[in-house]
Structure formats: C-alpha cells, structure tokens
Amino acid sequence: MTSAKLIDGNAFSAGLRDEIAARVREIRDEHHVTPGLAVVLVGEDPASQVYVRNKNKRAMECGMDSFEHILPADTPEHHVLNLIEGLNDDPAVHGILVQLPLPRHIDSQKVIEAIRPDKDVDGFHPWNVGKLASGGIGLIPCTPLGSLMMLRDHLGPLAGMKAIVVGRSNIVGKPMAHLLIRESCTVTVAHSQTRDLPAEVRAADIVVAAVGRPEMIRGDWIKPGATVIDVGINRVVDHQTGKNKLVGDVAFAEAVQVAGAITPVPGGVGPMTIACLLRNTLTAAARLHRLDIPEAHPWA
Ligand code: NDP
C-alpha cells in the first residue's frame with residue numbers, strides 16, 4: 001500500500017518566516033523602516049486570544065513591531081472604528097488585522113471596510129477582494145495564500161490541473177478559487193448544495209477542503225495521486241483517550257493511502273496562515289514606502 005507524501009506546514013512556514021526576517025533586517029538597515037503589525041481583538045474569546053498572542057509573537061520574532069489592541073467585549077462599534085482610523089493614519093503601522101469574529105453588536109463588514117486597503121493584511125477589504133478577482137495586485141487572504149504556496153512548492157506550475165475547492169466562504173473558499181483560476185487550473189467550487197460531492201472530488205487533481213466538518217471527505221473520494229490541502233480545523237473528542245484533538249475536513253488515515261501528497265492537521269495549513277500574515281505585512285510596508293524589494297515567493 002502506498003502512502004502520500006506529507007506536506008509539512010511547520011517546516012515550510014519556518015523557512016518562510018526566516019526569509020521574511022532576513023528581508024525585515026534588510027529594509028530596517030538600509031531604509032530605516034521597521035514593518036509594524038497592529039492586531040485588534042474585541043472580547044475575551046479564548047481561541048481568539050491565543051491566535052492574537054501567536055500573531056504578535058511571530059511578528060516580533062521576525063523583527064517587526066507589533067501593536068496589540070485588546071478591547072472589552074462591550075466596546076461600542078464607533079470606538080473600534082475610531083481606533084482603526086488612528087491606525088490607518090499611524091506611519092508606524094503597515095498592517096492592520098481585526099480578529100474575527102467580532103461581538104454581535106459590531107458590524108464586521110463595516111469594520112473591515114474602515115481599514116485602509118493598503119494596510120488590510122487579511123485581504124478582506126472589498127478593494128482587495130476585487131483586485132484578486134480581477135487579476136490585479138492587492139493583498140491576498142492569508143490562508144488561501146499559504147495553501148497556494150504549498151501547492152506550488154509541491155507541484156510546480158499548476159496550469160491545466162483540475163482543482164476542487166470544497167467551501168465557498170469569503171475568507172477561504174472564494175479567494176482560494178480565484179488564486180487557482182489565476183494559476184490556470186480548471187476550478188470547481190463545491191458547497192452544501194453540490195450534488196454528488198464524492199464524484200466532483202474524484203475528478204480533481206487538487207483538493208482544497210475548507211468546510212468545517214470533521215473528516216467529511218473520505219479516502220475513497222480522492223483520485224489516486226491527487227494533492228490534498230486540508231484547511232479544516234475541527235476539535236473532536238478522541239474516543240480512545242477521551243481527550244480533545246484536532247482533525248481536518250479530510251479523513252486523513254484513509255486519504256493518506258490514496259493521495260499523492262496531503263497536509264496533516266495540525267501542522268499543515270495552520271502555521272502557513274500566520275507566516276503569510278507576516279509576509280503581507282512586509283509586502284504592505286514595502287509598498288507603502290515604495291521599496292523595491294523582491295517578494296518572498298513572488299509567484300504567489
Ligand atoms: P464557513 O463555515 O464560513 O464555510 C464553510 C463552507 O463549507 C460553506 O461554503 C458551506 O457551504 C460548505 N459546506 C458546509 N457543509 C457542507 C457539506 N456537507 N458539503 C459541502 N460543502 C459544505 O467556514 P470557513 O471557510 O471559515 O472555514 C472552513 C474550515 O477551515 C473551518 O474548519 C475553519 O476552522 C478552517 N479554517 C482554518 C484556517 C487555518 O488557518 N488553517 C483559517 C480559516 C478557517 P454553503 O456556503 O452552501 O453553506
């Protein structure tokens with residue numbers, strides 16, 4: 001029985017962060033610019049607190065400035081909007097990220113649209129969404145960007161390949177589909193209304209799963225030799241130990257027998273997301289200061 005190659009997101013992201021740190025040193029020494037990332041968190045959601053702490057820690061490890069704004073859950077919307085306005089005007093801040101989800105009384109879309117598009121390192125502002133969809137140059141959402149980097153690293157050029165993206169969210173599925181179209185793949189986007197999902201998945205050379213349903217995509221749906229990127233992060237109880245564990249949207253133990261290559265969960269797409277946030281912050285700083293530095297992984 002064959003076993004798929006594991007696409008190691010921990011190793012890949014560590015290499016990417018080293019590359020980013022070297023570029024940060026370069027622009028600090030030569031141009032006296034230190035890229036700065038501001039992260040805004042509203043509320044006490046424990047998972048969000050962990051994400052924010054990790055983002056700041058990684059930014060500082062790369063030599064960037066990191067600005068943390070942690071606000072109480074009942075912060076009025078206009079306070080958040082005022083904070084964003086200040087960050088938009090702050091020359092030390094090149095990237096602004098608002099940790100989602102926001103509390104219910106705050107209109108997330110309004111907050112996203114308040115961020116200056118050239119500092120929108122999450123790539124969620126309609127300006128950046130439009131740039132990606134129309135083939136222009138903007139800032140690309142981090143999770144799809146990290147997924148594409150792993151695909152390109154493993155497969156080389158993707159032109160002509162059949163790809164399926166399972167999930168059509170604004171933060172993962174849709175931008176992933178646009179990136180794959182840009183790579184000249186033939187792209188299918190599947191969702192909860194898709195008829196015969198197994199047959200659609202079986203036709204694909206590349207499977208990107210971003211559903212949020214533990215192990216929904218079975219091994220016998222995968223075309224032999226296909227490359228599988230599992231974006232899903234699902235917390236489930238391990239029946240053997242009774243403890244919580246993380247699994248993806250793909251039944252890993254089955255898929256690993258059939259696929260050509262696959263990302264594990266954890267240790268696949270997750271670490272790439274933060275590395276790409278840092279890459280976007282570096283890119284934003286370079287563009288804001290009109291510095292002509294080569295992009296880390298320019299093809300993405
Ligand atoms: P959303 O809930 O926003 O979107 C899920 C998508 O899956 C929807 O388009 C939905 O279809 C589709 N879907 C749901 N059920 C089915 C089904 N039975 N068959 C086919 N499609 C289905 O999720 P996100 O995109 O935000 O996240 C997806 C997963 O990725 C989650 O596990 C999340 O935790 C993870 N994630 C991981 C990140 C990382 O860094 N690794 C970052 C972001 C997310 P419809 O539109 O019809 O409802």
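All residue numbers in this chain count up from 1 along the given sequence. One-based numbering, in listed order, for ligands and for the atoms of each.
- Between D118 and R116, at least one side-chain nitrogen of the basic residue sits less than 4.0 Å from a carboxylate oxygen of the acidic one, meeting the salt-bridge criterion.
- Among protein heavy atoms, the minimum distance from atom 3 (O) of ligand 1 is reached at S169 CB, 3.3 Å.
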side-chain contact (heavy atoms from CB on, under 4.5 Å), that's the test. Do D153 and F12 meet it? Break it down for me. CA-CA 9 Å; D153 186 62; F12 195 133; 3.2 Å; yes
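- Counting the atoms of ligand 1 from 1 in the order shown, those under 4.0 Å from a heavy atom of I171 are 26 (O).
- Each of the following atoms of ligand 1 lies closer than 4.0 Å to a heavy atom of N234: 32 (O).
- T143 is listed as a side-chain neighbour of V269, based on a closest heavy-atom distance under 4.5 Å.
- Atom 9 (O) of ligand 1 has as its closest protein heavy atom R168 N, 2.8 Å.
- Ligand 1 has no nitrogen or oxygen under 3.5 angstrom from a nitrogen or oxygen of M216.
- Taking a 4.0 Å cut-off on heavy atoms, G270 registers as neighbouring ligand 1.
- Counting only non-hydrogen atoms, the option in G146, P144, G167 that gets closest to atom 12 (C) of ligand 1 is G167.
- Within the structure, ligand 1 has A210 among the residues with a heavy atom less than 4.0 angstrom away.
- Of all protein heavy atoms, the one lying nearest to atom 33 (C) of ligand 1 is I233 N, 4.2 Å.
- The proximity of M272 to ligand 1, defined as any non-hydrogen pair under 4.0 Å, does not occur for either the backbone or the side chain.
- Here the side chains of R287 and I137 are in contact, with some heavy-atom distance below 4.5 Å.
- Nearest to atom 40 (O) of ligand 1 among the protein's heavy atoms is T273 OG1, 2.8 Å.
- The shortest distance between side-chain heavy atoms of I27 and P35 falls below 4.5 Å.
- Atom 21 (N) of ligand 1 has its closest protein heavy atom at H191 C, 3.1 Å.
- Side-chain contact between T281 and K55 is absent, with no heavy-atom pair separated by less than 4.5 Å.
- Nearest protein heavy-atom contact of atom 48 (O) of ligand 1 is S192 OG, 3.6 Å.
- Remark: the backbone N or O of F124 is paired with a side-chain donor or acceptor of D120 at under 3.5 angstrom.
- Contact annotation: for V211 versus ligand 1, heavy atoms closer than 4.0 Å belong to both the backbone and the side chain.
- Looking only at side-chain heavy atoms (C-beta outward), P144 and L132 stay at 4.5 Å or farther from each other.
- Neither the backbone nor the side chain of T194 comes within 4.0 Å of ligand 1, counting heavy atoms alone.
- Regarding atom 44 (C) of ligand 1, its nearest protein heavy-atom neighbour is V172 CG2, 3.9 Å.
- Proximity to R213 (heavy-atom distance under 4.0 Å) selects the following atoms of ligand 1: 14 (C), 15 (N), 16 (C), 18 (N).
- With hydrogens and angles disregarded, a donor-acceptor distance shorter than 3.5 Å links the side chain of R218 to the backbone of E215.
- Using a 4.0 Å cut-off between heavy atoms, V231 contacts ligand 1 through both its backbone and its side chain.
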Assess whether side-chain contact (heavy atoms from CB on, under 4.5 Å) is satisfied between V129 and H178, documenting all intermediate values. CA-CA 10 Å; V129 174; H178 281 301; over 6 Å; no
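- Of all protein heavy atoms, the one lying nearest to atom 29 (C) of ligand 1 is G212 N, 3.6 Å.
- Tested against L180 for a side-chain contact (heavy atoms from CB on, under 4.5 Å), the candidates V165, T186, T188, I164 yield a single pass: V165.
- N128 places a side-chain N or O within donor-acceptor distance of the main-chain N or O of L139, the cut-off being under 3.5 Å.
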